[in-house]
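Just so you know, these numbers come straight off a predicted model, no measurement behind them. Quick note: numbers below take in every heavy atom, side chains included, and nothing from hydrogens, waters or symmetry partners.
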Amino acid sequence: MIEITLPDGSKKKVEEGATPVDIAKEIHPALAKEVLSARVNGEIVDANRHLYADANLELLKWDDEGGKKAFWHSSAHLMAEALEDLYPGVKFGIGPPIENGFYYDVDLGGRELTPDELPEIEEKMKEHAQKKEVFERQEVSKEEALNFFKQKGDEYKLALIDELDDGDISFYKQGHFIDLCRGPHIPHTGYIKAVKLLNIAGAYWRGDENNKMLTRIYGITFPKQKELDDYLEQLEEAKKRDHRKLGKELDLFTFSDKVGPGLPMWTPKGAIVRETLQAFMRKEQERRGYKPVITPHIAKKDLYITSGHYEKYGEDSYRPIQTPHEGEEYMLKPMNCPHHCEIYKSQMHSYRDLPYRVFEFGTVYRYEQSGELNGLVRARGFTQDDAHIFCTPDQLKAEFTNVIDLIMVVFERLGFGGFTAQVSLRDPHDQENYIGSDENWQKAENAIMEAAEEKDLSTVPEYGEAAFYGPKLDFMVRDALSASLAFCWSIVAAICLFGSPLNKWLFCPSMTK
RNA sequence: GCCAAAGUAGCUCAGCGGUAGAGCACUUCCAUGGUAAGGAAGGGGUCAUGGGUUCGAGUCCCAUCUUUGGCUCCA
């Protein structure tokens, strides 16, 4: 007998080799039907994994993230099984669960998949689901794993296995389908009652554009048909609230092929909305000691070479424009920071002048790849509410808290309730790409975190997301229907400028609109 | 940029080799005191752009532009 400790602290004696589902059955038979996966000593495992030692056990159901992930991951396998039936010889890349559903990257060997074929795949999935095929886990050696996929001729899985350590490789089998997989999975396919394949897209193998493009099939599944219906209805509702659709219907902004892609134009009605928002932002900032400034739309290339932006982004920017006679190179302003620094430098400043705060509704232009453009969310010309604060190191934290206050006021007024705040830090494995001393980075990162803590702001640290010149505090806002159109705004970048001759700290709270 | 799909009336879309269509919207007229209610008539489209095939091209082919869904990236 082994002893299992449940989340409420109660303990249960069960037979050695019992599974989480067995234990759920003992608690209540109905519960067993809802268990999708389990957390055993902190690790998420299959709901029918055999337990041979005392453990802490948490049963995960649909309402738990771990349960959902197992469900959707299993759904990806179910889809793969269906695909293998319908398209013999299909090869598989990766097929993970995602925030809403799952996808699988497949190589159909040059064959193109059309959306018309998706219902057929859905039917096949349901067919296998009804058979209640059990997900069986098998531990395999690296050699066995390689042999299996060599024989199958799936070079993608071979590449994946290649990177795994021997002794840490497992297969999962349901029906006739066997896949390389870490798990965990739900007990059997019968849990999947409702299936919808949503769209098809190209995706590079391993996200590298030099690699072959695979076909990515997105889908979602639910334990109940009603849940799928509700989800699809929610998607429809989200579509109705698509800013591109509303922008057209309400006559707020427009695009023109002649003006160019990604270059929105605000119509009279849209301009009213925008002006109103700007007036609000201006007032809030002026009352906090920010002074408005105005800067030109172009600047000498040298400005961005000095700032370091040219080296970092120059290749992917609009090419410089030249003066007709002298051939001097000017760039469209991709950001306002260097301009604001020049304004600061135009006069001598005493420490008593600090903090020095300026802001601008600065329109900037950035080249974005054509495939990336998306309404006002990703445009080639857009206006930032961009502010810069010059302050001394010991003012850093106070300024940070002030900025957080400002953001909270704005969010509250705009009704952005459900935001998340992310502290974007350096990539610990790649210190090369950042300018400035380690010491200064430490100071800046600490100031952000201390300020966030002081304001009771719960933040998520994200390594490798910092700008090259400083850590950021990013606020991500979702639209009204968070389940679907989860678009994020990197609304505020709080930045410290190092290596600057000013030897002062610079903040750059900016909001994009 | 890459893969895929798409671009026909103000909007949503049908037509897929033989003289441009529907619904909604719009205009005019009629009807109408009862909760998004009707009837009649009418205006409106070089069917994204440029080439090609054909007796004949929204319709087939090629190129370009733009949009959509993803991939990659985002100061």
Complementary nucleotide of [N], counting Watson-Crick and G-U pairs under 3.5 Å:
N: B:C73; value: none
N: B:A4; value: B:U68
N: B:A25; value: none
N: B:G45; value: none
N: B:G18; value: B:C55

Original post:
If you check every side-chain atom of A:Met335, which of B:G69, B:A75, B:G1 has the closest atom?
Top reply: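 Nucleotide nearest to A:Met335's side chain: B:A75.
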Subject >> Nearest-nucleotide pick for A:Met213, side chain only, options being B:C3, B:U67, B:C73 >> reply: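 Taking heavy atoms from C-beta onward, the closest nucleotide is B:C3.
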Atom-to-atom span, [atom1] of [X] to [atom2] of [N] - whole angstrom:
X: A:Leu376; N: B:U67; atom1: CG; atom2: P; answer: 12 Å
X: A:Arg216; N: B:A5; atom1: CZ; atom2: P; answer: 18 Å
X: A:Arg206; N: B:C73; atom1: CZ; atom2: P; answer: 15 Å
X: A:Glu99; N: B:G70; atom1: CD; atom2: P; answer: 13 Å
X: A:Lys333; N: B:A75; atom1: NZ; atom2: C1'; answer: 13 Å
X: A:Ile217; N: B:G69; atom1: CD1; atom2: P; answer: 19 Å
X: A:Met331; N: B:A75; atom1: CE; atom2: C1'; answer: 11 Å
X: A:Glu368; N: B:A75; atom1: CD; atom2: C1'; answer: 10 Å

**OP:** List for me each residue that meets side-chain hydrogen bond (donor to acceptor under 3.5 Å, both in side chains) alongside A:Glu163, sequence neighbours excluded, and say none if there are none.
**Re:**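 In terms of side-chain hydrogen bond (donor to acceptor under 3.5 Å, both in side chains), with neighbours along the sequence ignored, A:Glu163 is linked to A:Arg206.
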**OP:** State which residues pass side-chain hydrogen bond (donor to acceptor under 3.5 Å, both in side chains) with A:His339; sequence neighbours excluded, sorted by chain then number.
**Re:**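 Applying side-chain hydrogen bond (donor to acceptor under 3.5 Å, both in side chains) to A:His339 gives none.
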Original post:
What pair of heavy atoms forms the shortest contact from A:His340 to A:Phe390, and how long is it?
Top reply: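 The answer is O-CZ, 3.9 Å.
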With rounding to the closest Å, how many angstrom separate the [atom1] atoms on [N] and [M]?
N: B:G43; M: B:G51; atom1: C1'; answer: 34 Å
N: B:A9; M: B:G23; atom1: C1'; answer: 12 Å
N: B:A48; M: B:A22; atom1: C1'; answer: 22 Å

Polar atom pairs (N or O), protein with nucleotides 6-14 of chain B, under 3.5 Å:
none

**OP:** If the plane angle is over 60° it's perpendicular, under 30° parallel, otherwise tilted; pick one for A:His185 and A:His73.
**Re:**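 Tilted: the ring planes of A:His185 and A:His73 meet at 30° to 60°.
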Original post:
Should the ring pair A:Tyr344 and A:His349 be called parallel, tilted or perpendicular, given that the plane angle runs from 0 to 90° and is split at 30 and 60?
Top reply: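 Parallel: the ring planes of A:Tyr344 and A:His349 meet at under 30°.
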Subject >> Whether over 12 other heavy atoms sit under 6.0 Å from A:Glu462 CD >> reply: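 Yes, enclosed.
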Original post:
Do A:Tyr204 side-chain and B:G70 base share a donor-acceptor contact under 3.5 Å?
Top reply: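 Result: no qualifying N/O pair found.
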Anything under 3.5 Å between a donor and an acceptor, one on a side chain of residues 85-98 of chain A, the other on a protein residue two or more places apart or in another chain? List them.
| from | atom 1 | to | atom 2 | distance (Å) |
| --- | --- | --- | --- | --- |
| A:Asp85 | OD2 | A:His128 | NE2 | 2.5 |
| A:Tyr87 | OH | A:Glu117 | OE1 | 2.8 |
| A:Lys91 | NZ | A:Glu155 | OE1 | 3.1 |

Subject >> Residue closer to the 5' end of RNA chain B, A:Gly207 versus A:Gly262 (nearest nucleotide) >> reply: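 The answer here is A:Gly262.
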**OP:** Let me know, please, whether A:His309 or A:Pro261 comes out on the 5' side of the other along RNA chain B by nearest nucleotide.
**Re:**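 Mapping each residue to its closest nucleotide by heavy atoms, the 5'-most match is A:Pro261.
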Given [N], is OP1 or OP2 found less than 4.0 Å from the side-chain N or O atoms of [X]?
X: A:Tyr313; N: B:A75; answer: yes
X: A:Arg244; N: B:U67; answer: no
X: A:Tyr218; N: B:C71; answer: yes
X: A:Asn374; N: B:G69; answer: yes

Subject >> Residue list, side chain to side chain contact (heavy atoms under 4.5 Å, CB included) with A:Glu65, at least two apart or on another chain >> reply: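 In terms of side chain to side chain contact (heavy atoms under 4.5 Å, CB included), with neighbours along the sequence ignored, A:Glu65 is linked to A:Lys69.
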Original post:
Within the structure shown, what part of the strands sits under 4.0 Å from A:Leu198 by heavy-atom distance: base, sugar-phosphate, or nothing?
Top reply: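 If one applies the 4.0 Å heavy-atom cut-off, A:Leu198 turns out to touch nothing in the nucleic acid.
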Original post:
Touch check for A:Ala201, heavy atoms < 4.0 angstrom, all strands: base, sugar-phosphate only, or nothing?
Top reply: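 Here A:Ala201 touches the bases of the nucleic acid.
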Subject >> Residue list, salt bridge (Lys or Arg N to Asp or Glu O under 4.0 Å) with A:Asp353, at least two apart or on another chain >> reply: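 Partners of A:Asp353 by the salt bridge (Lys or Arg N to Asp or Glu O under 4.0 Å) criterion come out as none, since no residue qualifies.
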Original post:
Taking syn as any angle within 90 degrees of 0 and anti as the rest, which one fits B:G23?
Top reply: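 Glycosidic conformation of B:G23: anti.
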